[in-house]
There are 2 protein chains.
Amino acid sequence: MPRKRNAHRNADTPTLADVARLAGVSDITASRVVRSKGPIADATRARVLAAIAELGYIPNRAAGSLASSGSTLMSVLLPSLSNIVFPDVLRGIHTALTETAFQPVIGVTDYDPLIEERILLSFLAWQPAAVILAGLHHTPTARRHLEHGRFRVAELMDIDGDPVDIAVGMSHWQAGYDTGRHLVQRGYRRFGYAGHSIASDDRARARYDGLRAALKEAGLLLIAEERVQGPSSTIAGRHLLEAILRKAPGLDVVVFPNDDMAMGGIFHCIHAGITPKEQLGIFGFNGLDIGQAMPLPLSTILSKRFLIGKTAAEKLLESRERPAEKTIINTGYDIIVGATA
Amino acid sequence: MPRKRNAHRNADTPTLADVARLAGVSDITASRVVRSKGPIADATRARVLAAIAELGYIPNRAAGSLASSGSTLMSVLLPSLSNIVFPDVLRGIHTALTETAFQPVIGVTDYDPLIEERILLSFLAWQPAAVILAGLHHTPTARRHLEHGRFRVAELMDIDGDPVDIAVGMSHWQAGYDTGRHLVQRGYRRFGYAGHSIASDDRARARYDGLRAALKEAGLLLIAEERVQGPSSTIAGRHLLEAILRKAPGLDVVVFPNDDMAMGGIFHCIHAGITPKEQLGIFGFNGLDIGQAMPLPLSTILSKRFLIGKTAAEKLLESRERPAEKTIINTGYDIIVGATA
DNA sequence: CTGTTAGCGCTTTCAG
DNA sequence: CTGAAAGCGCTAACAG
């Protein structure tokens, strides 16, 4: 025996049909009001709106999504949440989505393309309107789905490569290169690098490569180089600078892959009585507020994380269909001279 | 004329029916394999799995959600993403959700209950399995929906109040009170407070109230108090300490509502040649890593943000139905003595 | 500007 | 352990 209609439905959850009945219109008319789509007489709209308010109607997005084969969900895949960089990106995305009907679903990949692929596939089950992810490198399977899906795609942070649809970011190689040029020009000659395990972070590697290229051009090279296993952190930066100076006492500047670690470097200097810039240049990456609030503002490169997220989401909203032309947006970066290099 | 069946469907998007046909079973059997639910013969399962792999089948969660009136979405409403505290909470939630089928949908309320209400209602349209939000204060409408909804609810950060279902966090009043007792015991008597606009942040206010209560008990009071408009930041903390010392030069300790601002205070001390602790105690809240990496580790209270998020999500997953008893989990906090107070 | 009809892809219920 | 039938709540495509 077939179950009775609505047998398992929560009696106090009104549906669009209830709204329509109360307003004395058809379902589809009520639907048009809810979605603000199509021509509706003001009087009709008012009646439907009143019915919605009276019943406390909440649309069922699953039903809408099924019927229209599309959703208001935007999948966001980020490498990490520990690093403030990605919350900043997410903040930008969220800002662009406020006042729109779109909602971000977020996943964290731990910089692992296989995890990225797995999460991507599970997100696609929601028929998202768009997918945002970091970087231009994905597994072949992921790339295939991104290429062929009926959704917009934005690849963030990096623009050195061939995007699926939209890329928003900066050239990390160039940033590393400019770091090298800048520091050479300021008179530094004996370079050290205090990084983290690079396998996981394409962009840190690109900056590192750019830095080395600039040094090579100037007839220089990295005299010393240390890396921590595991995630980067301020305390790691502090210990790493101590270690690198023990091995190579003659350095006159040390470059870090990010501000967190560079601040650890500054803290080591304070602790060890080393005067930043005069005795040892310290250079970071990201341009975090806290680095600029220090007594000696950190010398670094300002990446525009919030802007990257915001620009990407805005671009994605411009058109539901993927345009014929790919878009690459370079948000650039600023060298912050600061007081530590 | 009615449209043809599947007329607008992407031809290369296989459905469960396609999988079933290829595997030579009925739809519902294929569905059981996909959901790992109900008894299935191993041989049947294997055939279905092979068909899924061959077709590259991705389930349509909207259809599933509609049919089962439930979803694998977990709504997460956070006050902010600027403050590292909430990305930490989110990280905890995400950690608990890894390896489960649940996916977080996130919204940002800007500490505004009306925005919280609006986002909550739009999230409920997805029939989430659970809702996670911050604090115990919501609009009456939001509270009504939370009470009556068919989903689990976790209210995070704060446990001083009456939760809807589960509360996970700590007593902020108590933390403020303990801060006061701790500092009085360490010999401080002339207290200043350098805060931010309190209207927006219930928990900072509770700590402030607790601090004042402890001082009152000791026959003391806040001699000076300054607040910044706008969001808290390190640079704001730095400027604020300068301002408060100008107005009340005799202070021997200044309490900040969080570590970000307290670090700004330290930076002002370094800049102005004031020795933290000896000449002026500085006390924060949160126990951020960066504060502990400083040459003088910040004196502060460690809040367990990651643990709060993780515990809440784990608890929520324990049972789909809301239990008769409410649960309050106190994750506590640690006083970090540090070197600045 | 409004309504009719069919169906989105899946899961529930109950029977075998 | 497997299947048949019905329907979740909404919207596309037309016609009026």
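Just so you know, these numbers come straight off a predicted model, no measurement behind them. Chain A is the first sequence line, chain B the second, and so forth, proteins listed ahead of strands; every chain is numbered from 1.
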Peer 1: Below 4.0 angstrom from OP1 or OP2 of C:dG3, is there any side-chain N or O of A:T29?
Peer 2: yes

Peer 1: Can you check whether A:S26 has a side-chain N or O nearer than 4.0 Å to OP1 or OP2 of C:dG3?
Peer 2: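 True: A:S26 side-chain N/O within range (under 4.0 Å) of C:dG3 OP1/OP2.
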
Peer 1: Just checking A:S65: base, sugar-phosphate only, or nothing, at a heavy-atom cut-off of under 4.0 Å?
Peer 2: nothing

Peer 1: What's the spacing between A:T327 OG1 and A:K315 NZ if we round to 0.5 Å?
Peer 2: 5.5 Å

Peer 1: Return the value, rounded to whole Å, for the distance between atom CD1 of B:I28 and atom P of C:dC10.
Peer 2: 11 Å

Peer 1: Please work out if A:R32 contacts a base, only the sugar-phosphate, or nothing of the nucleic acid, heavy-atom cut-off 4.0 Å.
Peer 2: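 Here A:R32 touches the bases of the nucleic acid.
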
Peer 1: Go through D:dA12, C:dT11, C:dT12 for me and flag the one nearest to the B:L16 side chain.
Peer 2: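 The closest nucleotide is C:dT11.
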
Peer 1: Does a donor on one side chain sit under 3.5 Å from an acceptor on the other, for B:S69 and B:Q127?
Peer 2: no

Peer 1: Could you please name the option among C:dT11, C:dG9, D:dT2 that lies closest to any side-chain atom of B:R35?
Peer 2: C:dT11

Peer 1: With the side chain of A:P39 defined as its heavy atoms from C-beta on, choose the nearest nucleotide among C:dG3, C:dT2, C:dC10.
Peer 2: C:dT2

Peer 1: Any sub-3.5 Å donor-acceptor pair from B:T29's side-chain atoms to B:V25's backbone N or O?
Peer 2: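 No, B:T29 side chain to B:V25 backbone: no donor-acceptor pair under 3.5 Å.
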
Peer 1: Determine yes or no for a side-chain-to-main-chain donor-acceptor pair under 3.5 angstrom, with A:R322 supplying the side chain and A:R152 the backbone.
Peer 2: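 No.
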
Peer 1: Check DNA chain C against residues 118-130 of chain A and give the residues with a non-hydrogen atom under 4.0 Å, in numerical order.
Peer 2: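 By residue number: none to list.
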
Peer 1: Using only heavy-atom distances, determine whether the side chains of A:E116 and A:H138 contain a donor-acceptor pair under 3.5 Å.
Peer 2: yes

Peer 1: Take atom NZ of A:K37 and atom P of C:dC1, then tell me their distance rounded to the nearest Å.
Peer 2: 16 Å

Peer 1: In terms of side-chain heavy atoms of B:N60, which of D:dT11, C:dG9, C:dT11 is nearest?
Peer 2: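 Looking only at heavy atoms from C-beta outward on B:N60, the closest nucleotide is C:dG9.
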
Peer 1: Give a yes/no answer on whether the side chain of B:T44 brings an N or O atom under 4.0 Å of OP1 or OP2 in D:dT2.
Peer 2: yes

Peer 1: Base, sugar-phosphate alone, or nothing: which one does A:V25 contact when heavy atoms must sit under 4.0 Å apart?
Peer 2: sugar-phosphate

Peer 1: Can you tell whether the side chains of A:R143 and A:D162 come within less than 4.0 Å, N to carboxylate O?
Peer 2: yes

Peer 1: Examine D:dT11: is either OP1 or OP2 under 4.0 Å from a nitrogen or oxygen in the side chain of A:S31? Give yes or no.
Peer 2: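 Result: yes.
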
Peer 1: Output the single nucleotide from C:dC10, D:dG3, D:dC1 whose closest atom is nearest the side chain of B:A63.
Peer 2: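 Nearest listed nucleotide: C:dC10.
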
Peer 1: C:dC10, OP1 or OP2 - any side-chain N/O from B:Y57 closer than 4.0 Å?
Peer 2: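 Result: yes.
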
Peer 1: Could you verify whether a donor N or O on one side chain and an acceptor N or O on the other, from B:R118 and B:S122, lie under 3.5 Å apart?
Peer 2: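 Judged by distance alone, the side chains do not pair up.
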
Peer 1: Given C:dG3, C:dG9, D:dC10, identify the nucleotide with an atom nearest to the side chain of B:A67.
Peer 2: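 The answer is C:dG9, which lies nearest to the side chain.
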
